[in-house]
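Please read the structure below before turning to the comments.
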Amino acid sequence: MAFGRTSNVESSPGKAPLLGSFPLDHDGECKAFIKEYIKCLKENKNNNGLCRQFSKAYLQCRMDNGLMDRDDMKNLGFADLNRRDTERK
């Protein structure tokens, strides 16, 4: 007897995770970046637009530590921050 499904239904093969699904940071490798982001949010009354550099740094940390696939920051919504970084140099 199969619990939770009818006995005549075969199980389907597993699917790859959806885009945006990623492993949890069990070892806390990027915890400092999260803390800085939360601190920024508190200081700016939860206006995340003023804290984007911290979310960018967090995503960069995740990519550097293999917690998410590498991608260009412009594809992750940070094209304007990349532009500002190159203008400062």
Side-chain angles (χ1 to χ4, degrees):
M1 177 184 272
F3 293 98
R5 65 173 195 208
T6 58
S7 59
N8 61 352
V9 175
E10 293 188 28
S11 61
S12 62
K15 293 182 181 179
L18 297 173
L19 184 62
S21 298
F22 46 83
L24 296 176
D25 185 7
H26 292 292
D27 296 328
E29 295 167 298
C30 299
K31 193 171 187 173
F33 295 98
I34 294 170
K35 287 183 177 184
E36 287 296 319
Y37 178 70
I38 291 171
K39 178 182 172 189
C40 179
L41 286 176
K42 287 178 181 177
E43 290 172 353
N44 291 290
K45 299 179 181 158
N46 292 324
N47 182 343
N48 64 348
L50 298 175
C51 302
R52 292 182 66 232
Q53 72 274 16
F54 297 107
S55 56
K56 178 183 175 188
Y58 171 68
L59 291 175
Q60 187 64 54
C61 177
R62 290 190 62 83
M63 287 188 276
D64 292 346
N65 288 290
L67 296 169
M68 66 182 279
D69 288 339
R70 289 210 166 271
D71 201 345
D72 194 309
M73 284 295 174
K74 69 180 180 185
N75 295 336
L76 299 173
F78 296 101
D80 59 325
L81 291 182
N82 286 344
R83 205 170 26 254
R84 281 189 236 146
D85 289 345
T86 56
E87 289 171 0
R88 288 183 196 157
K89 293 179 182 176

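- Listed by chain and number, the residues in a side chain to side chain donor-acceptor pair (under 3.5 Å) with Asn46 amount to none (sequence neighbours excluded).
- Shown here for Leu76 and Leu59, the closest heavy-atom pair between the two residues is CD1-CD1, 4.2 Å.
- Hydrophobic clustering, with ILVMFWY side chains joined whenever heavy atoms are under 4.5 angstrom apart, groups Phe78 together with Met63.
- Lys35 NZ to Lys31 NZ: the interatomic distance, rounded to the nearest 0.5 Å, is 5.0 Å.
- Between the side chain of Arg62 and the backbone N or O of Leu67, at least one donor-acceptor pair lies under 3.5 Å.
- In this structure, Asn65 has no side chain to side chain donor-acceptor pair (under 3.5 Å) partners at least two apart in sequence or on a different chain.
- Two residues are said to be in side-chain contact when any heavy atoms from C-beta on lie closer than 4.5 Å; Glu29 and Asp64 fail this criterion.
- Residues Gln53 and Glu36 fail the side-chain proximity criterion, which asks for heavy atoms closer than 4.5 Å.
- With Asp25 contributing its side chain and Cys30 its backbone, the two residues share a donor-acceptor pair below 3.5 Å.
- Phe33 approaches Ala57 most closely through the heavy-atom pair CD2-CB, 3.7 Å.
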- request: Decide yes or no on salt bridge (charged side-chain N to carboxylate O under 4.0 Å, His left out) for Asp80 and Lys74, but give the supporting numbers first.
  value: CA-CA 8 Å; Asp80 59 325; Lys74 69 180 180 185; over 6 Å; no
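- In this structure, OG in Ser55 is found 11.5 Å from CD1 in Ile34, a value given to the nearest 0.5 Å.
- Note that the CZ atom of Arg52 and the CG atom of Asn48 stand 8.5 Å from one another [nearest 0.5 Å].
- Residues Leu50 and Phe54 do not share a hydrophobic cluster, defined by chaining ILVMFWY side chains whose heavy atoms lie under 4.5 Å apart.
- A donor-acceptor pair under 3.5 Å is absent between the side-chain atoms of Asn75 and the main chain of Asp71, judged by distance alone.
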